[in-house]
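Beneath this line is the structure, given in structure tokens, with notes to follow.
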2 protein chains.
Amino acid sequence: MDGNVTIKDVAALAGVSPSTVSRVLNGNYRQHMTPATRDRVHAAIDALRYTPLRSARSLRRQRSHVLAVVLPDISNPFFSLLARGVESIAFGTGCSTMICNSDHSPTKERHYLEILLAEQALGIVYIPTSTPDDEGLKRLARSGARIVVADRVVPGFPSVRADNAGGSRALAEYVLRCGYRRIAYLAGPADVSTARERLEGFRAALDAAGVQPVAIEHGPFTCEAGYDLSTKLARSARVDALVAANDMMALGVLRAVEDAGLSVPDHVGVAGFDHAPWTTYLRPQLTTVEVPALQIGEVAAGQLLSEVAEDACLPTRLIEGETCVSCR
Amino acid sequence: MDGNVTIKDVAALAGVSPSTVSRVLNGNYRQHMTPATRDRVHAAIDALRYTPLRSARSLRRQRSHVLAVVLPDISNPFFSLLARGVESIAFGTGCSTMICNSDHSPTKERHYLEILLAEQALGIVYIPTSTPDDEGLKRLARSGARIVVADRVVPGFPSVRADNAGGSRALAEYVLRCGYRRIAYLAGPADVSTARERLEGFRAALDAAGVQPVAIEHGPFTCEAGYDLSTKLARSARVDALVAANDMMALGVLRAVEDAGLSVPDHVGVAGFDHAPWTTYLRPQLTTVEVPALQIGEVAAGQLLSEVAEDACLPTRLIEGETCVSCR
DNA sequence: TTGTAAGCGTTATCAG
DNA sequence: CTGATAACGCTTACAA
């Protein structure tokens, strides 16, 4: 076993000093470097298959190669796609991608932010739980980590997200165009910015059309919440359309409508938000709004690695499925 | 800005030497330590909110806190759930979880294994592409990294996976019990061990019942492959059941059968494998086999962190959906 | 039971 | 244009 080959081995083989190897490695030769020397170093690097040790480099530079993505649940398809976007950019620049699954728990999230401090993470794509850890973020920022919020909004940090309000407005307009008028809206959790934006866009479109929503109910972004809320609504009010703030809730709605002996879209129209992959395979296919998760991750990671970081709002796209019909 | 608080600061505040702090941190006091000293150190650590710098620790120990999970695609729900299992165990032991998305590319995977060498990763949960990087693995193992293969099999390394053969056999027996006899099997890629095991179990059950499969076709684990293969089969042979090696393929099958103007399960039975979350929401609900992805990740990560690492085979579970009917 | 000091592999500063 | 050298923060013999 050869143990580790170090920068000294490379230097020895190339007949130069470690500093020269380091300079080749980091492209730090302002006043130029003899091409011959550089070539010899490169040859030695290749010959020994040398790769600098990350811990030594990080210790010296006081900054690691880690790009972290802090998110509520990696097994949620939306977030895993976003993470994939981050990873693809990170890989392209030689960074490692660390997954910090907060599990919707502010405590676990806080713990992770502390670990990231100890890791001297280069950058962090941050998708907060409903209560962001302001202090942890501030400490990280002060220590020199770059931070970009994704999908949600946290005051004081640049944020990359989808045009939730616009997408929601477009969806509402589409529902209205279909002829639905007694519309109920199942909003997500009141304390999640994404949910608030979607609600806002939805309201704006109805207002503009002079239509009053039959009801607006808040609840978690889950199938169960969608089921329970819509069951209640179906009993208490005559609605002709149920619009949910995300696809999981919409799925619950579909099942509730079915269980009430009604059919979609003949008796009642249904729509969601997110365009989760499986919605394409539902029959009838769900009418929803596509949110570019992969792109959000890519753009957020890109901002971390570039010098400027500014708010970005990516466009959404209406998916005209089969759960809303236009001929009413 | 206070920069970083180091072990020296803690030592100074507690009135001890850095080594003593280090010993408290690592529980390395064989011949005991005055409780008073230990308490003072703990107090200082808390007061300063001190966390050891990972890079310094790794450099000295020649081993990092990184648990890596190398997988083909983090946006695939099966793998993201597995990754979540790894993360939950890693977090519990203060390790960081690094995601290495090979994107089904042996080249990208090889690149990642080199990075893991430079990271001095503590352990690696390895889900190979169809062609594992034997040399990279060997180098990693030689360098002291612990490696556990998950979901698949790579000779020479312990492997944690589901009982694919057993699950597939159980499914085949169920299909036979339902009364289906003209059964076609859509196997996955011939070079993926998971697919081979499922095929093997399926064959064994049919053999035992003295039933000849109408056809066995190989193809990638995709919706498209499922669609194309079953369209062809539907034309060329009269089948009464189409069993796919995973749920994505099964979904393609469902659409193909529909497009052929036939209905499931009245005209033809369908089954899949994996129990992807969305299969529950299909109507009719897909008959399939549950594979414990989360648990595979947990067990694999557990093995990395324990002293022993041995093959593990986790049980699967038949999900009796609505795409196979028993009254024929 | 605790302190001293060397060294892990790199890089940045400063000479030459 | 290149080489010494010190330092990054921590752990671990070895001493005391």
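Below, chain A is the first sequence line, B the second, and so on; all start at residue 1. Note that this is a predicted model, so its numbers are computed, not measured.
- You'll find that the side chain of A:Arg57 is closest to C:dT11, out of D:dT2, C:dT11, D:dT11.
- When each of B:Thr51 and A:Arg40 is assigned the nucleotide of DNA chain D with its nearest heavy atom, A:Arg40 is the one assigned upstream, toward the 5' end.
- For B:Asn4, the side-chain atoms get nearest to D:dG9 when compared with the rest of D:dG9, C:dG9, C:dG3.
- Here the C1' atom of nucleotide C:dT2 and the CZ atom of B:Arg38 are 14 Å apart, to the nearest Å.
- Close to D:dG3, at under 4.0 Å from its OP1 or OP2, lies a side-chain N or O of A:Thr20.
- Distance check, rounded to the nearest 0.5 Å: OH of A:Tyr126 to SG of A:Cys100 gives 11.0 Å.
- Here the side chain of B:Thr34 is nearest to one of C:dT2, C:dT10, D:dT11, namely C:dT2.
- Comparing atom distances between the A:Ser22 side chain and each of D:dG9, C:dT11, D:dT11 picks out C:dT11 as nearest.
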Passes side-chain hydrogen bond (donor to acceptor under 3.5 Å, both in side chains), B:Gln120 versus B:Gln62? Steps please. CA-CA 7 Å; B:Gln120 302 193 290; B:Gln62 293 290 297; 3.3 Å; yes
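- If you check every strand for non-hydrogen atoms under 4.0 Å, B:Val21 touches nothing.
- Distance from the side chain of A:Met33 is smallest to D:dT2 among C:dT11, C:dG9, D:dT2.
- Taking atom CG of B:Asn26 as the reference point, atom P of D:dT12 lies 7 Å away to the nearest angstrom.
- Within residues 114-123 of chain B, no residue is approached by DNA chain D to less than 4.0 Å at the level of any non-hydrogen atom.
- For A:Arg60, counting side-chain heavy atoms from C-beta on, the closest listed nucleotide (D:dT12, C:dA12, D:dG3) is C:dA12.
- When the side-chain nitrogen and oxygen atoms of B:Ser55 are compared with OP1 and OP2 of D:dC10, none of them lie within a distance under 4.0 Å.
- Salt-bridge check for A:Glu114 with B:Arg49: passed, with a basic side-chain N closer than 4.0 Å to an acidic carboxylate O.
- The pair A:Asp311-A:Arg161 does not meet the salt-bridge criterion, since no charged nitrogen lies less than 4.0 angstrom from a carboxylate oxygen.
- Heavy atoms only, all atoms of each residue included: A:Ile296 and A:Phe78 are closest at CD1-CZ, 4.4 Å.
- Rounded to whole angstrom, the span from the CG atom of B:Leu53 across to the P atom of C:dT10 amounts to 17 Å.
- Atom CZ in A:Arg63 sits about 13 Å away from atom C1' in D:dC8, given to the nearest Å.
- For B:Lys8 and D:dC8, the NZ to C1' distance is 10 Å, given to the nearest whole Å.
- Looking at the side chain of A:Ala56, the nearest of the listed nucleotides C:dG9, D:dG9, C:dG3 is C:dG9.
- The residue A:Leu59 sits close to a base: some heavy atom pair falls under 4.0 Å.
- A:Arg54 places its CZ atom 12 Å from the P atom of C:dT10, with the value rounded to the nearest Å.
- Ion pair B:Arg84/A:Asp103 flagged as a salt bridge, since at least one NZ, NE, NH1 or NH2 atom sits closer than 4.0 Å to an Asp/Glu carboxylate oxygen.
- When heavy atoms are screened at a 4.0 angstrom cut-off, B:Ser58 is found touching no nucleic acid atom at all.
- Residue-to-nucleotide proximity on DNA chain C shows that, of B:Gly15 and B:Arg61, the 5′-proximal contact is made by B:Gly15.
- The pair B:Glu197-B:Arg152 fails the salt-bridge criterion, with no side-chain N (NZ, NE, NH1 or NH2) lying under 4.0 Å from an Asp/Glu carboxylate O.
- Salt bridge annotation for B:Arg63-B:Glu119: absent, with no cationic side-chain nitrogen under 4.0 angstrom from a carboxylate oxygen.
- We find that CD of A:Gln62 is positioned 18 Å from P of C:dG9, with the value rounded to whole Å.
- Atom-to-atom, CG of A:Asp9 to P of C:dT10 comes out at 9 Å; the value is rounded to the nearest Å.
- Residues A:Pro52 and B:Ser19 both approach DNA chain C. Their nearest nucleotides, taken by heavy-atom distance, put B:Ser19 toward the 5′ side.
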